[in-house]
Amino acid sequence: MLVRICSAVILSLLLGGAAQAQAQKIQVQPPQTTFRSLFKVPDPRGEFVRLCAPHMVGRWAHPESVCGCLHDYAAATIEDADLREALLRGISETGVPTIETAWVPPSKQSEIGPTFTKIAKPTLQCMFDPATNQ
């Protein structure tokens with residue numbers, strides 16, 4: 001009888017220890033990540049089109065094309081990075097070319113008007129005749 005009890009205790013300790021070790025292995029394993037996800041580079045154009053397109057639905061037959069054109073042609077005519085980023089923000093938030101004065105440094109706020117003059121033709125082409133820009 002004593003042999004049976006000792007055998008049962010030893011067996012339960014061995015099985016319990018193995019199960020506990022198995023559980024610890026599962027907890028210690030690092031999360032699975034793929035090599036490709038480590039180097040995933042954000043696509044600024046794709047993100048812009050994703051944010052812009054919902055504002056264009058109902059206005060244009062192909063909202064993604066209009067947004068892509070605005071990014072590639074209208075915004076590309078602006079050399080200044082601050083003004084370009086402000087314009088892209090305005091289009092992606094409202095669906096129309098917009099630049100809020102708070103979005104650009106005070107030293108560049110006087111350039112907002114000339115920026116709209118510069119983008120007028122490519123913007124109209126993107127909206128009404130995108131084939132000429134492609």
Side-chain angles (χ1 to χ4, degrees):
M1 178 82 153
L2 183 62
V3 175
R4 286 185 182 175
I5 292 174
C6 289
S7 298
V9 169
I10 292 172
L11 184 60
S12 67
L13 288 174
L14 288 175
L15 291 177
Q20 188 177 17
Q22 182 87 13
Q24 286 177 351
K25 279 185 182 179
I26 292 172
Q27 292 173 356
V28 176
Q29 289 180 345
Q32 297 279 334
T33 57
T34 61
F35 182 73
R36 186 177 189 145
S37 69
L38 294 174
F39 295 103
K40 192 172 188 179
V41 179
D43 175 22
R45 183 186 186 275
E47 181 67 11
F48 171 78
V49 171
R50 185 186 70 76
L51 294 171
C52 169
H55 298 289
M56 299 294 184
V57 173
R59 296 182 194 177
W60 310 107
H62 304 285
E64 292 85 7
S65 298
V66 173
C67 291
C69 182
L70 288 171
H71 183 275
D72 296 345
Y73 295 98
T77 63
I78 304 171
E79 293 88 15
D80 184 79
D82 292 326
L83 290 167
R84 184 175 47 255
E85 287 302 314
L87 176 68
L88 290 172
R89 178 180 175 183
I91 295 170
S92 66
E93 289 182 3
T94 65
V96 294
T98 306
I99 299 177
E100 296 287 334
T101 55
W103 297 344
V104 293
S107 62
K108 297 179 182 177
Q109 290 177 358
S110 63
E111 299 174 36
I112 293 174
T115 298
F116 281 111
T117 302
K118 193 171 193 172
I119 67 162
K121 183 177 179 182
T123 299
L124 291 172
Q125 286 178 327
C126 286
M127 293 181 170
F128 298 104
D129 192 20
T132 61
N133 281 323
Q134 312 231 351

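These numbers come from the heavy atoms of this one structure, side chains and all, not from hydrogens, waters or symmetry mates. We number each residue from 1, following the sequence as shown.
With sequence neighbours left out, the salt bridge (Lys or Arg N to Asp or Glu O under 4.0 Å) criterion links E93 to R89. Residues that satisfy the salt bridge (Lys or Arg N to Asp or Glu O under 4.0 Å) test with K118, not counting sequence neighbours, are E79. When the side chain to side chain donor-acceptor pair (under 3.5 Å) test is applied to T98, the partners found at least two apart in sequence or on another chain are T94. Residues satisfying the side-chain contact (heavy atoms from CB on, under 4.5 Å) criterion with D72, sequence neighbours excluded, are R45. By the side-chain contact (heavy atoms from CB on, under 4.5 Å) test, P97 pairs with L87, I91, F116, I119, T123, M127, sequence neighbours left out. Residues forming a side-chain contact (heavy atoms from CB on, under 4.5 Å) with E85 (at least two apart in sequence, or on another chain): L88.
If you take OH on Y73 and SG on C126, they are separated by 8.0 Å, rounding to the nearest 0.5 Å. Atom NE2 of H71 is separated from atom OG of S92 by 10.0 Å, given to the nearest 0.5 angstrom. For the atom pair CD of Q109 and CD1 of I99, the computed distance is 11.0 Å after rounding to the nearest 0.5 Å.
Follow the hydrophobic side-chain contacts under 4.5 Å out from I112 and you reach L70 in the same cluster. Following chains of ILVMFWY side-chain contacts shorter than 4.5 Å, one can reach F128 starting from V66, so the two form part of one hydrophobic cluster.
Heavy atoms only, all atoms of each residue included: P63 and A53 are closest at CB-O, 3.7 Å. Closest approach of P114 to S110, counting heavy atoms only: CD-O, 3.6 Å. Residue P122 comes nearest to A74 through the heavy atom pair CB-CA, 3.9 Å, listed as atom of the first residue, atom of the second, then distance.
The backbone N or O of I78 sits less than 3.5 Å from a side-chain atom of R84, completing a donor-acceptor pair.
Listed by first then second residue, pairs satisfying side-chain hydrogen bond (donor to acceptor under 3.5 Å, both in side chains) with a partner in residues 49-63 read E47-R50, not counting sequence neighbours.
Taking 4.5 Å as the limit, every side-chain heavy atom of M56 sits out of range of all side-chain heavy atoms of V49.
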